[in-house]
Amino acid sequence: MRYEAWSIVNEEMDQAKRQSRDALFTIGNGYFGIRGFFEEDGRGISALGGIYSAGVFGKGSYAAWEGDSRELCNLPNALRARIKINGRPAEGPGENGLQESGEAGFFQKLDMKQGIYERRYPYTEEGAKAALAFRRFAVMDERWKNVIGQEIEIRAEEDGLELEVEAAIDGRVTNLNLESCEPLPVQPGRNHITRWETGEQSLHVMLDYKETEIHMCQRARAFAAGRELTGSLTNGEAEAGILFRCRLEKGESFRLEKMIRVTTGKESCPQAELPGYHEAEEAHREAWAKKWILSDIRVDQAENPDALKDQAVLRYNLFQLMAVCPEHTDRLSIGARGLSGEMYEGCVFWDNEIFKLPFFIYTNPGAAAGLLKFRYHTLDAARRHAGRNWFDGAMYPWQASEDGVEQTPYNVGAFYAVHIVSDIAHAVLEYGRVTGDREFYERYGMEILIETARFFASRCDWNGEEGVYEIRAVRGPNEYDVYVNNNAYTNLSAAENLMAAYRAVREREEEAEKRFSIRPGEAEQWKKIAEGLKLPYCKERDLYEEDDAYFKRRELDMKRAKPTGKRIIDSTLPYEALPLYQVTKQADVVLMMAMYPSRFTDKQKRTAYDFYEPRTAHDSSLSYAPHSILAAQIGRTDEAYRYFCRSACLDIEDTQLNTVSGLHFANFGGTWQAVYFGFAGVRFENGALMINPHLPVQWRGLEIAGSFGDVTARIEITGTRVTVKRIGAESRKTDGGGKERPGGQGTAGAGLNVWVEGKHAVLEEDQDMITVERGGESHVAAGCNL
Ligand code: BGC
């Protein structure tokens, strides 16, 4: 892989890595996720493409908690191109044309600044030489979210090249079924299309779940040697397209530009509404440029040979988060593998709120509100789920599809993985703390807090002997414990949840009692439970225990248990052996401390880090980032940097060997947190922006931006100073409805309290920036006025 500041480039053609690179080169706009597949390759799994649309599911293979399971559906391959050069099919590198690994000329690039994926290679067959280039983008501009643009360019490198290019929408697809690690168990995935109908350059299909209708239409134009070509329609079985033919002399080019529009439901898909290719591309670039204003992080690196790598891989993580966020609706959220693969059936987990959401809260609060509203709109399903399990309130499902119904197969742990419930409450609180969005809190947030508190009140038990409340039979973030009593992480976040609900009711007693039918004494009971919930802790060692029994377990020889990068359960021990040992699958107490930094002393954090880090297998992508954050917070920046690198490169280097089944979106959020909460040491709470940087030696400086209450600002951090600069016109504001507030642009007018390493400074209402010197004497430089 080669790194440029704004792109990642692969110049190695390796068939064994083709499918995982397809996932890596995924692009999207929140409506679509499109894997980096080769549109001209119609062989085997490559012919199936890999285009997903947010919320479009097909019928799955197992019985879930309410009816059939479902899975994210691979849509018809609307980018399909059949290319023939001098009568021979050109089906991509490997078969003809460019050969296997290491051949010169192959080039695959993701331009993260503009959200464009590009691929090129030379085609060389006897008597035919050409240069092939492909580009695609899912339009980010909100007017055309359901539109994809594709461009193919073929330049003749020899005279007399006879070219045929068919641009099609191919409905003969199944799911990819790349559910596990490489080497791939390639079996045909399910076919979700039950009916199809072709029209003029359009395909209409019906899916096997809820009879979902998908309409796809395209408009393709082709040019050769300066003139537009006329194509002939080529409808076939479950396929619609258009064929262009031309003859090229050396140096002449053929160029195809194609726009595709996809609609779901009854609405059909008029071609006339498709924007022009260049018009769409320009709007797309502008939309991406706007996105980067608050989201970008710039790294200034010392004499580091990997200088560009850190910058590029970090941007890759941020790019993918923006590219997957369904900003066009508040009825959907982001699946564990986003729209880049089918693992976990496209469902949403707890890591959505804990790992991904903070990125949106700080850099795009409107989008964060939309994602949280998905949880609000699925409260009824969560209430049903609580009821059927004999609990009160709302029990959010461990694995949710578009309607919030539990999708985890029955009997595999969804019953006890209850921290998802308080994780969602935590996210509601975090959103409120950072944005101060009262309207959201009152219309949506309060109800989530109250219903989830009701769940925990019915889920906990009183332990008379110890005089504490307990939450028994749960599974914490460490899934290797199978199930435990009093997982510290779960209990602490449940206590936060219960207390927040108590405060919500107390704050507006009369209204809350009526609106939520609060029973007499109910809120007081939440407070009592919150204050009495057990947090396993060993006083002598000043060490928090992951659960009631962790210290009693056997030590595990990690070298023996995990001799390679493979997960323990895939290599050395069965799942049921693990509760015997002190082994942590992924950050658990470490995550808890990174999430509640002011709840624990530095000493407690160090003690916990030293105890749990060697016992952690990192057998989930959710482990590295919390370790990076906590290590930075306790000043171990080398360690923090090491974990940052593992987190940032997880998919790029496919370190867990399962990128093929989709990218790890929560880990992308974790990478952002490692930089924002760890290295930059930023928190915004109660109207104050706290900045406690811990830069690694590899970085000379860091520049981040964010939305802090009413102020949007850029923060520049160097070894000696911190500068906070107000961002004006480009800033985004939320109206509590997840939309941009019309005209809500400049932030002048609001002041900002800033604390840098404990020194207080104020960005006054009429000030553009302030600088605070780091270390030594407190010195706040005069800012410049607006
Ligand atoms: C992790 C879970 C996570 C799931 C989906 C698993 O590997 O252990 O915590 O929710 O992946 O991301």
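Counting convention: from 1, in listed order, for ligands and their atoms alike. Index from 1, following the sequence.
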So K356 and F668, side chain to side chain contact (heavy atoms under 4.5 Å, CB included) or not? Walk me through it.
CA-CA 7 Å; K356 300 170 213 160; F668 295 146; over 6 Å; no
Show the distances, to 0.1 Å, for all pairs joining an N/O atom of ligand 1 and a protein N/O atom that are shorter than 3.5 Å, listing one pair per line.
{"residue": "ligand 1", "atom": "7 (O)", "partner": "Y344", "partner atom": "OH", "Å": "3.4"}
{"residue": "ligand 1", "atom": "7 (O)", "partner": "K585", "partner atom": "NZ", "Å": "3.4"}
{"residue": "ligand 1", "atom": "8 (O)", "partner": "E479", "partner atom": "OE1", "Å": "3.1"}
{"residue": "ligand 1", "atom": "8 (O)", "partner": "E479", "partner atom": "OE2", "Å": "3.2"}
{"residue": "ligand 1", "atom": "8 (O)", "partner": "K585", "partner atom": "NZ", "Å": "2.8"}
{"residue": "ligand 1", "atom": "8 (O)", "partner": "Q586", "partner atom": "OE1", "Å": "2.6"}
{"residue": "ligand 1", "atom": "9 (O)", "partner": "W350", "partner atom": "NE1", "Å": "2.9"}
{"residue": "ligand 1", "atom": "9 (O)", "partner": "E479", "partner atom": "OE2", "Å": "3.2"}
{"residue": "ligand 1", "atom": "9 (O)", "partner": "Q586", "partner atom": "NE2", "Å": "3.1"}
{"residue": "ligand 1", "atom": "10 (O)", "partner": "W350", "partner atom": "NE1", "Å": "2.9"}
{"residue": "ligand 1", "atom": "10 (O)", "partner": "D351", "partner atom": "OD2", "Å": "2.7"}
{"residue": "ligand 1", "atom": "11 (O)", "partner": "Y344", "partner atom": "OH", "Å": "3.1"}
{"residue": "ligand 1", "atom": "12 (O)", "partner": "D351", "partner atom": "OD2", "Å": "2.7"}

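- Between E402 and R331 there is no salt bridge, since none of the side-chain N atoms of the basic residue sits less than 4.0 Å from a carboxylate O of the acidic one.
- A donor-acceptor pair shorter than 3.5 Å cannot be found between the side chains of Q656 and S621.
- Under the ring pair (Phe, Tyr, Trp, His ring centres under 6.0 Å) test applied with F415, the options W390, W65, F391 reduce to a single match, F391.
- Partner H419 forms a ring pair (Phe, Tyr, Trp, His ring centres under 6.0 Å) with one of W350, Y396, F456 and no other, that one being W350.
- Exactly one residue among Y316, Y117, F319 makes a ring pair (Phe, Tyr, Trp, His ring centres under 6.0 Å) with F25. That residue is Y117.
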